[in-house]
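Working notes, beginning with the structure itself.
Numbered from 1 within each chain, the chains take letters A, B, ... in sequence-line order.
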Amino acid sequence: MKKMSKTRLIVCLAAVLLIYVGAWFAEKSAGTNSMLVTVLKKGAVYALIAVSMNLLNGFTGLFSLGQAGFMLVGAYVYAVFTIPLKRHAAVYQYYNGGIIQFELPLLVALILAGLVAAGLAALVGLPVLRLKSDYLAIATLGFAEIIRAVVQWDSLGPVTNGSNLLKTYPTFSSTKILGSTVLFPFIVSGVCIGLILLIINSTYGRAFKAIRDDEVAAEAMGINLFHHKELAFVISCFFAGIGGALLAMFQGTVQANSFKSAMTYDILLMVVIGGMGSVSGSVIASFLYIACSEWWLRFLDNEQFIGSFQVPLLRSGFRMVVFSIVIMVVVLFFRRGIMGDRELWNLRLPKKKKGKEGLK
Amino acid sequence: MSRNVLRLENITMQFGGVVAINDLSMRIDEGEIVALIGPNGAGKTTAFNCITGVYEPTNGAVYFNDKVIAASHPAGKMKRMYAGSDPEKFAGMHVTMTPDHITRLGIARTFQNIRLFKSQTAFENVLIATHLRRKSNIFTAMFRLNWQEEKRNRERAMELLDIVGLKDMAGEKATSLPYGMQRRLEIARALATEPSLLLLDEPAAGMNPQETLELGAFIQQIKKDFNLTVFVIEHHMDLVMGISDRIYVIEFGKQIAEGTPAEIQNNQAVIDAYLGGNDE
Ligand SMILES: Nc1ncnc2c1ncn2[C@@H]1O[C@H](COP(=O)(O)OP(=O)(O)O)[C@@H](O)[C@H]1O
Ligand SMILES: [Mg+2]
């Protein structure tokens, strides 16, 4: 890994700060209920989830399709442990107020969400990651489907509320910072992505990339494949769990059936569009993707009239058609995505001569 | 007599019915440079793969510093297909180690078909190979509490690049380097794992005569500087005869000769099978 110069690091941190100020300002001027603010919040949540998936798929070369499952775990852990005690009777109305008779502080519940997801990942990875070939995709996909069914299982109702909604837990509106609802998701997501970046640029991150580039050579260089794959998988799922908890906060309600594998494919697309192996790419792609699907392409779903002329094709569902076409074009013709495997902050400044960029 | 470093006992490696190595026994002592030669497809690379844990031999045992690192005997359906000798000799033994474990014990290798980390720079390729000797864990590494180790490893990687003459190429993508340099980068990467035994699989392949000549001197130099024992597969006879203390010759997976370069050059079986016939 190239070491970043001090000035570049300062410029980057200043840029991040500027984005945070911008987000705060956007909410102040556009209003908390504006589409812009919704997109910013959801984008921040998905940015973390996409980066966590990229750590696995893009940086370690492991193909997992279980993201939605681990997000579900995170979302449920967060919701179950933060529903205020006095609301239990109402939420768990079919289960006599539920079995859990305590609530955890919000941040503790967030971290617990990550830890439980990570613990389950460790169990799933244990048998699967020892195998040479790529059974991980199948195993994780299976895990996601199974966990979705298990959570809705009636016997677990006193904890998970069965197939009923979990609600009334703290959301982004209850975590206002400086009178703004966007800052909490931005800060949590930003800190988590920062931690992932620290891992990627550490000696362990280099080992992950070595495994991605050539397993045989990595093993010959003394890198224990199982140990490092398991580590990458557990870390990725830890952050997916926190991402799931943030999504629960964003949505205000949690229901297992919304964590379908289609959600995983959405995230996978963000990773591919942003560039496998680029953290900044995943972040940019997440915001773009959420903005398009929630906002900019919404008009495609509404019938429109110009005078008495009805614009053809525009009707409910057309948005997804256009969306799919855009995605196919990206996958077919821009396979490296927006950033490839480069990072925004490592892009070579124009005019800088090649060869001058030595190693610090 | 100096200490034994590597010992192969009755190694047979079968892929189904294909017998890649047949009852091969060898020993390499400390400080030797030993060459393994033989026609293409003779089983040389397969021998390396059995030593480094990539393959589990069908029969036989491998010792490194008198410690078993691989031992196996024909079992299951291999029992029927087994074509080697003495299937019972290692019946009580079964030892398998993953390649990373064996590398940690002190055996490093290069690959015949260059296997560098494609997306990484020359510097990063070497740096990655210092990972196995780490004292850090994921948390200390993440928060850079291991900065002293990190600094040492970076300096070490740079030193090794300097030693193989690639210091100026440190920031280049490994795969953008010319062939000869990629081979030297693989040697630097292997040295970064701090081995006591170095296995080189056709290190001169694709090099021009000048580079090959330099490579011979270079191998002898690093052997001395790093206290290595070297086991090298090579086709360039000038190189082999120039640097080897002893040579093993195999054909169709079987040893046909063993001896000093002078003995091998005058060995009729070798001349018939290999040296005379095809001039590689
Ligand atoms: N993984 C494998 N599966 C099947 N056959 C193999 C495998 N590896 C090597 N062989 C066979 O073993 C024989 C020896 O190959 P190799 O050791 O690469 O030869 P050399 O390095 O001496 O040129 C060849 O016939 C090759 O086809
Ligand atoms: Mg070979």
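Here the two rings, on B:Tyr55 and B:Phe15, have centers that are under 6.0 Å apart. In this structure, A:Phe208 has its ring center no closer than 6.0 Å to that of A:Phe59.
There is no side-chain donor-acceptor pair under 3.5 Å between A:Glu219 and B:Thr103. Remark: the B:Asp225 side chain and the B:Gln221 side chain contain an N/O donor-acceptor pair separated by less than 3.5 Å. A donor and an acceptor atom, one from each side chain of B:Thr45 and B:Asp201, are located under 3.5 Å apart.
When heavy atoms are compared at a cutoff of 4.5 Å, B:Ala141 approaches chain A by way of both its backbone and its side chain. Heavy atoms of A:Asn224 lying under 4.5 Å from chain B belong to its backbone as well as its side chain. Heavy atoms of A:Leu195 lying under 4.5 Å from chain B belong to its backbone as well as its side chain. With a 4.5 Å cut-off on non-hydrogen atoms, B:Asn146 touches chain A through its side chain but not through its backbone. Interface remark: B:Thr52 contributes no atoms to any contact with chain A (heavy atom separation under 4.5 Å). Interface remark: B:Thr130 contributes no atoms to any contact with chain A (heavy atom separation under 4.5 Å).
Per-residue heavy-atom pair counts under 4.5 Å with chain A were compared for B:Leu116, B:Ile138, B:Thr193, and the maximum is reached by B:Ile138. Taking chain B as the reference chain and counting heavy-atom pairs below 4.5 Å, the highest number among A:Ile235, A:Val216, A:Leu197, A:Ile223 is found for A:Val216. Chain A forms more heavy-atom pairs under 4.5 Å with one residue of B:Arg109, B:Arg104, B:Arg144 than with any other, namely B:Arg144. Interface check for chain A: of the options B:Asn137, B:Asn125, B:Leu105, B:Ile102, the most heavy-atom pairs under 4.5 Å are formed by B:Asn137.
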(Q) If you apply the rule salt bridge (Lys or Arg N to Asp or Glu O under 4.0 Å), what do you find for B:Glu186 with B:Arg189, and how did you get there? (A) CA-CA 5 Å; B:Glu186 271 216 342; B:Arg189 191 177 66 167; 3.4 Å; yes
Q.
Under the criterion salt bridge (Lys or Arg N to Asp or Glu O under 4.0 Å), I'd like the reasoning laid out for B:Glu159 against B:Arg152: C-alpha separation, chi angles, the key distance, then a yes or no.
A. CA-CA 10 Å; B:Glu159 260 171 47; B:Arg152 261 200 317 277; over 6 Å; no
